[in-house]
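Presented below is the structure to which this report refers.
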There are 2 protein chains.
Amino acid sequence: MQAQIARTAPEFRAPIFRPTPPVPAFDLEPDPFDTLGTVVSVRAGGALYAEGDCATHWYRVTSGVLRTCKLLSDGRRQIDRFLFAGDFFGFEPEVEHNFSAEAVSTATVVRYPRNRLDLATADNPRVGVRLFQITLAQLGKANGRLMLLGRKTAEERVASFLLEMRKRSSFAAAIDLPMSRVDIADYLGLTIETVSRTFSALKQDRVIALPNAHRVTIIDLAALEELSGDV
Amino acid sequence: MQAQIARTAPEFRAPIFRPTPPVPAFDLEPDPFDTLGTVVSVRAGGALYAEGDCATHWYRVTSGVLRTCKLLSDGRRQIDRFLFAGDFFGFEPEVEHNFSAEAVSTATVVRYPRNRLDLATADNPRVGVRLFQITLAQLGKANGRLMLLGRKTAEERVASFLLEMRKRSSFAAAIDLPMSRVDIADYLGLTIETVSRTFSALKQDRVIALPNAHRVTIIDLAALEELSGDV
DNA sequence: CGCGCGCTTGACTAACTTCAAAGATGGTGG
DNA sequence: CCACCATCTTTGAAGTTAGTCAAGCGCGCG
């Protein structure tokens, strides 16, 4: 693979902070985090934090879509996750963020201070357990992506991606893809051309329909699952 | 990429269970896990558990080296992690194991029952925190591998791998590679031929020396770091 | 000593990338 | 409201990396 040189630099617009009423950290159970959150808005294309920033907070998506990604010095980019409403992110093993977080579409997130988290954890064992569960779920998903990036073909990657997006759209037949082809490519370890060509081929084969570039309708789900390579 | 068809099926030898004295779960701090562990030995090539097995336990490596991996139906394999002394593994978000765990070299591990873990966690908040930290560290490493598998060239992958093994060998110049070329290939998302050719090229360029197939000496560390692509 | 397995090397091929250009799309201002 | 422009997407053709197929080497073990 040859270097793919620096694509349009992300616009580093300052996030908008607003004073907010307390926001619950987890909606499934009452929690001592409930009073810790602050709402933050980020415009489409804006950065919430950059790789290397001090990881003073962690976050949960309220609305909109974000991405976490990493750059190599020559501009090659790998997207780690797409973040949708309800997703947690910003947990880091180190002091610094290993990824940058940017808004794919205008988004609101709730921000939790990391230090107060430590205090809450000391008080309540359930907090630690909950964090453990969340991190474990993320680890499971990250591990699933290793197979995709290491061993799957372009077609399998795209099919897997569409199925993942379908899952995140509550299994609707019509899927909205808020991210660009560049984002999809950088998520799947491919180029935009390969992603585009693969979409076209799937359309040609009547597996999917493309009403427009950011809308996919699954016509033949069984075929798509077959193509995804996951048994 | 074309399918790489089924390599030698892993030998499913039954693990050897022995009654053992209590083994501490974490060596950095006293912990309520200290009395929960059981020592298990696995012969080189043997499986500790398989993908799909019920995840009743989690583990820590005492000695030897293991690998966790996943297979596609056509035999393509992705190795998730190589596990060395001190490493924890077997944590799963689901009821079932998402990976199989096999011994690269004859290994001993300590096995902790998952249900007793839950009890210990309820009693002691530090347990949850510790688990959170371990999982977080694993997540950080998994995420680092996404860039490697999604965006790096064969040479960058091999260089990164050697640097990782160096780190795991306490930064010694002479590195022991207990795993086969197949394992390295499946860890890096390459073929054995590409791995072998890349080793040969690095040797040719006097970046490394290869006293034998399982021994690497780093001659030019700066060059290797440069080649790894990590800035 | 010879056999077998794993590693290396060579020649060729395929998949994906790169380079290039045309075709949509959407937002803005006249 | 429509035209224009910038941006994103699609498509085509050529190039490159890594994969596939195949053969030879070498180390370790019986």
Which one, C:dC7, C:dT17, D:dG19, comes nearest to the side chain of B:Leu190? D:dG19

Given D:dA18, D:dT10, C:dC7, which nucleotide is nearest the side-chain atoms of A:Arg181? D:dT10

Short N-O contact, B:Asp80 and B:Arg145, less than 4.0 angstrom: no

Consider the side chain of A:Ser200, meaning its heavy atoms from C-beta on, and name the nucleotide among D:dT11, D:dT9, C:dC16 that approaches it most closely. D:dT11

Please confirm whether any donor atom in the side chain of A:Glu155 sits under 3.5 Å from an acceptor in the base of C:dC16, or the reverse. no

Closest to the B:Glu193 side chain: C:dT18, D:dC21, C:dC7? D:dC21

Determine, for B:Glu156 against A:Arg76, whether the closest basic-nitrogen to carboxylate-oxygen distance falls under 4.0 angstrom. yes

Salt bridge (charged side-chain N to carboxylate O under 4.0 Å, His left out), that's the test. Do A:Asp87 and A:Arg168 meet it? Break it down for me. CA-CA 11 Å; A:Asp87 287 345; A:Arg168 309 224 63 163; 2.7 Å; yes

Would you say the base of D:dT17 and the side-chain of B:Arg151 have a donor-acceptor pair closer than 3.5 Å? no

Residue whose closest nucleotide on DNA chain C lies nearer the 5' end, B:Ser196 versus A:Arg197: B:Ser196

Measure the acute angle between the ring planes of B:Tyr59 and B:Phe89, then classify it against the limits of 30° and 60° as parallel, tilted or perpendicular. parallel

Check every strand shown and say whether A:Ser180 touches a base, only sugar-phosphate, or nothing at a heavy-atom separation below 4.0 Å. sugar-phosphate

